[in-house]
Amino acid sequence: MLDKGRRKMAYHRRKVCRFCADSSAVIDYKDQKTLRLFTTERGKIVPRRISGNCAKHQRVLTIALKRARNIALLPYTTSTLR
C-alpha cells in the first residue's frame with residue numbers, strides 16, 4: 001500500500017538536439033521535409049522545449065522556416081474555410 005504523502009517521481013528523458021547529435025544533418029530553408037517536422041498542423045513553429053533543439057539550432061531553424069515561408073515553400077497558416 002502506498003502512502004498518500006509519497007508520490008512516485010516521474011522520470012523524463014532529456015531530449016537531445018538532433019542537429020548536435022548528427023553532424024551531417026544540416027538546416028536548409030529549401031529542405032521542406034525537414035522543416036515540416038518543426039511546425040504544427042496550423043503552421044506554427046514548435047518551441048524548443050517541445051522539439052528538443054538547442055538554442056543555437058533553434059535560432060537557425062526559425063530563420064530557415066521564415067525564409068521558406070517568405071518564398072512560399074511553406075505556408076504561414078493552414079486554410080480553413082468557414
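Scope of the values below: all heavy atoms of this structure, side chains included, with no hydrogens, waters or symmetry mates.
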>> As a quick check of understanding, evaluate side-chain contact (heavy atoms from CB on, under 4.5 Å) for Asp28 and Thr34, giving each step before the final call.
In response: CA-CA 8 Å; Asp28 188 19; Thr34 304; over 6 Å; no
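- In this structure, the side chain of Gln58 engages the main chain of Val46 through a donor-acceptor pair within 3.5 Å.
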> Can Ile71 and Arg67 be said to form a side-chain contact (heavy atoms from CB on, under 4.5 Å), step by step?
Replying inline: CA-CA 6 Å; Ile71 62 171; Arg67 283 182 182 161; 6.0 Å; no
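- Using a 4.5 Å heavy-atom threshold, the side chains of Glu41 and Thr78 count as separate.
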>> Before you tell me yes or no, could you show the steps for Phe19 and Val60 under side-chain contact (heavy atoms from CB on, under 4.5 Å), namely the whole-Å CA-CA distance, both residues' side-chain angles and the distance that decides it to 0.1 Å?
In response: CA-CA 11 Å; Phe19 300 106; Val60 175; over 6 Å; no
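- One finds the CZ atom of Phe38 at 10.5 Å from the OG1 atom of Thr62 (value rounded to the nearest 0.5 Å).
- No path of Ile, Leu, Val, Met, Phe, Trp and Tyr side chains, each step under 4.5 Å between heavy atoms, connects Ile50 with Ile45, placing them in separate hydrophobic clusters.
- In this structure, CG on Leu65 lies 14.5 Å from NZ on Lys44, to the nearest 0.5 angstrom.
- More than 12 heavy atoms of other shown residues, nucleotides or ligands fall within 6.0 angstrom of atom NZ in Lys15.
- Nearest heavy-atom pair, Arg48 versus Cys54, reported as atom, atom and distance to 0.1 Å: NE-C, 3.7 Å.
- Panel note: side chain Arg69, backbone Leu74; no donor-acceptor pair is recorded below 3.5 Å.
- Rounding to the nearest 0.5 angstrom, the gap separating the OH atom in Tyr76 from the CG atom in Asn70 is 4.5 Å.
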>> Applying side-chain contact (heavy atoms from CB on, under 4.5 Å) to Leu61 and Leu35, what does each step give before you reach the verdict?
In response: CA-CA 8 Å; Leu61 183 73; Leu35 294 179; 3.8 Å; yes
